[in-house]
Protein chains: 2
Amino acid sequence: MAVKENLRPGGRSARVQASVHKAVRELLAEMNRAEVTIPLIAAKAGVTPSTIYRRWGDLQELLADVAVERLRPDMQPIDAGSGKADLEAWADQYAEEMSSGPGREMIRDVLAAQTGENACKCAEYTRQQIAFIADRARARGEIFPDVDAVMDQVVAPIIYRILFGDVPDSARVRDLVARVVNTSG
Amino acid sequence: MAVKENLRPGGRSARVQASVHKAVRELLAEMNRAEVTIPLIAAKAGVTPSTIYRRWGDLQELLADVAVERLRPDMQPIDAGSGKADLEAWADQYAEEMSSGPGREMIRDVLAAQTGENACKCAEYTRQQIAFIADRARARGEIFPDVDAVMDQVVAPIIYRILFGDVPDSARVRDLVARVVNTSG
DNA sequence: GCATAAACGCAAATAATTTGCTTTTGCCAC
DNA sequence: GTGGCAAAAGCAAATTATTTGCGTTTATGC
């Protein structure tokens, strides 16, 4: 029940997808997640429920689809002067966004979907952000840890803690960054 | 819709819970997860659907309840002679179990539930296993990293990779263990 | 333009969920 | 033990969600 990727910009399919996504975002903003249903979304989006069922299969897939969209980074990591500072700033903001109520729900939505496709995409976004920081650092002549090492030692602990009940604070995030940066050189 | 913890061993509630759990395990073993429904579980367990709805709320909560039960470690970590060897053996088995099809599904079930309660419990099980290994190592006079360090640098990367589409192999797990053990002393 | 296939709307049929009420069960005081 | 009480389960009706068949619209290629 995967959603087509190749939608002509102005086609009907694209319009339906846009209005459904919009309806989901608005409903999630104004009510509890447990109360959001497909008939409700359909009514708000101006389509029939069967359209949504046929395109997305079920609510979880649709929510995952919307969530991964919202998890896509909308800007490149800020330049804080050094690779370590860049990574610290990025990780701190990442941890804060992801541990917020909406952030947690989006991660859960992405993971709850049957197909792991969206989860992959989500991790890929993160990896690209880190690769960007790494490239910039190396262009400055700095040594910078491998992207995999950062994923393992910074991103994974942050997400693990968020998912399994803990909220990582700034101090802990700084520690994670310090460790990976120090052991790389 | 949390399930009561204090059930008298032979009480009716305990019997219903046991038969429902059993029905879920059997159904998950013999059919696709998407096809498992509450009415089906109820029929197999010999109870009415409304009983399940009232006790667990929805399918996700019930699945999470069953999954966390199955994720509880049934034995203590094997003694491989040293802390590092113990941790390697444990992590390798852990990664293998969790990245298997059923393992992945159980993690996802636990995380998909609305209440993070089950996820916490799950992380707590893991933490206890690691604490056991750490205590045993220290009782031998070894130095051993902090439990938090192991959670961050070994468990979190393993789970992150499983959740976000990658499958960690033995070599990588060994690397993770080597790193945390080496940087601790 | 016209044929074609994919996507959608509509509505009927099926299945799941909720709910009010009754009955059963286990527990506690007596 | 017996009876009262509260919690949990059964039952069935009402509601809501999901699936499906079929006709219509829409975009696309010829």
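Every heavy atom of this structure was used, including side-chain atoms; hydrogens, water molecules and symmetry mates were not. Within every chain, numbering begins at 1; the chains are lettered A, B, ... in the order of the sequence lines, protein sequences first and strands thereafter. These numbers were taken from a predicted model, which means no experiment stands behind them.
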Would you kindly check whether a donor in the side chain of [X] faces an acceptor in the base of [N], or vice versa, at under 3.5 angstrom?
X: Ser13(A); N: dC8(C); result: no
X: Arg54(A); N: dG21(D); result: yes
X: Arg12(B); N: dA8(D); result: yes
X: Ser50(B); N: dC11(D); result: yes

When you measure from the side chain of [X], which nucleotide among [options] comes out closest?
X: Pro39(B); options: dG26(C), dA16(C), dC8(C); result: dA16(C)
X: Thr37(B); options: dA9(D), dA16(C), dA17(D); result: dA16(C)
X: Thr48(A); options: dA7(C), dC10(C), dA12(D); result: dC10(C)
X: Arg15(B); options: dG10(D), dA27(D), dT25(C); result: dT25(C)

Nucleotide [N], atom [atom2] - distance to [atom1] of [X] in whole Å:
X: Ile52(B); N: dT18(C); atom1: CD1; atom2: P; answer: 13 Å
X: Leu59(A); N: dA16(C); atom1: CG; atom2: C1'; answer: 15 Å
X: Leu40(B); N: dA16(C); atom1: CG; atom2: P; answer: 8 Å
X: Leu62(B); N: dA16(C); atom1: CG; atom2: P; answer: 15 Å

Test: Arg172(B) and Asp166(B) ion pair at under 4.0 Å
no
Are any of Arg55(A)'s side-chain N or O atoms less than 4.0 Å away from OP1 or OP2 of dC8(C)?
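True: Arg55(A) side-chain N/O within range (under 4.0 Å) of dC8(C) OP1/OP2.
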Let's go through Asp109(B) and Arg70(B) carefully: what are the C-alpha distance in whole Å and the side-chain angles of both, what is the deciding distance for salt bridge (Lys or Arg N to Asp or Glu O under 4.0 Å) to 0.1 Å, and is it a yes or a no?
CA-CA 11 Å; Asp109(B) 286 343; Arg70(B) 304 178 75 179; over 6 Å; no
Take Asp86(B) and Arg140(B) through the test salt bridge (Lys or Arg N to Asp or Glu O under 4.0 Å) and record every step on the way to the result.
CA-CA 12 Å; Asp86(B) 287 2; Arg140(B) 292 195 197 100; 3.2 Å; yes
Between Arg161(B) and Asp152(A), is a salt bridge (Lys or Arg N to Asp or Glu O under 4.0 Å) present by the stated rule, with each step listed?
CA-CA 9 Å; Arg161(B) 283 174 177 271; Asp152(A) 280 348; 3.1 Å; yes
